[in-house]
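Along the sequence shown, residues carry numbers from 1. Every heavy atom of this structure was used, including side-chain atoms; hydrogens, water molecules and symmetry mates were not.
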Amino acid sequence: NVHQQMHEYWTPHHGDRALGASYDSYSVRWTGSSVAMPDFEPYAAAKALEWAIKSAATASEPTVTVLLLPNYGRDGGNTAYMPTVQSHPHLCKHLITIPASLVNLQPPANMLGS
């Protein structure tokens with residue numbers, strides 16, 4: 001799930017290196033500006049958030065990471081990662097909740113052979 005104009009992308013799958021991907025985004029500090037969309041599992045969302053916080057807290061350059069994370073509850077507070085967000089108000093900001101009815105995740109057209 002990478003846009004054709006992305007100059008760099010990371011994947012948890014070692015075999016994707018043959019397609020130009022970098023492997024294991026948790027092997028490097030996330031610095032500069034980036035977008036992360038981990039698997040929609042509670043553990044993956046919490047791990048990505050914690051890595052983004054650690055990266056920003058130790059970065060020597062301005063850093064912003066936009067995370068696209070699932071909202072498992074009606075109010076967003078019923079997630080494994082919200083306590084982490086709330087305990088780091090100087091590093092974390094909830095920007096928006098997109099209602100599930102407006103989210104239509106589909107494979108990119110170039111992956112469908114169109």
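Note that OG of S87 and CE of M82 are 10.0 Å apart. Values are rounded to the nearest 0.5 Å. The CG atom of L69 sits 10.0 Å away from the CE atom of M37 when rounded to the nearest 0.5 Å.
The minimum heavy-atom distance linking L49 with C92 is given by the pair CD1-SG, 4.1 Å. Contact record, A44 with D39: CB-O, 3.4 Å, taken as the closest heavy-atom pair.
A search for side-chain contact (heavy atoms from CB on, under 4.5 Å) contacts involving S27 returns W10, D24, not counting sequence neighbours. Looking at residues two or more places apart in sequence or on another chain, you find a side-chain contact (heavy atoms from CB on, under 4.5 Å) between K47 and Y26, Y43. For H88, the side-chain hydrogen bond (donor to acceptor under 3.5 Å, both in side chains) test picks out no residue, with sequence neighbours left out. The ring-ring contact (aromatic ring centres under 6.0 Å, His included) search around H90 returns none, not counting sequence neighbours. A search for side-chain hydrogen bond (donor to acceptor under 3.5 Å, both in side chains) contacts involving R17 returns nothing, not counting sequence neighbours. Scanning for side-chain contact (heavy atoms from CB on, under 4.5 Å) contacts around L102 gives I98, P99, with sequence neighbours left out. Taking T11 as the reference, H13, D16, A21 meet the side-chain contact (heavy atoms from CB on, under 4.5 Å) condition, with sequence neighbours excluded.
In this structure a side-chain-to-backbone donor-acceptor pair under 3.5 Å is missing from W30 to A48. Using a distance-only test at 3.5 Å, with no hydrogens or angles considered, a donor-acceptor pair links the side chain of Y81 to the main chain of P70.
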Would you mind writing out the side-chain donor-acceptor pairs for residues 59-66 within the sub-3.5 Å range, not counting sequence neighbours?
unit_1: T63; atom_1: OG1; unit_2: G32; atom_2: N; d: 3.4
unit_1: T63; atom_1: OG1; unit_2: E61; atom_2: O; d: 3.0
unit_1: T65; atom_1: OG1; unit_2: S34; atom_2: OG; d: 3.2

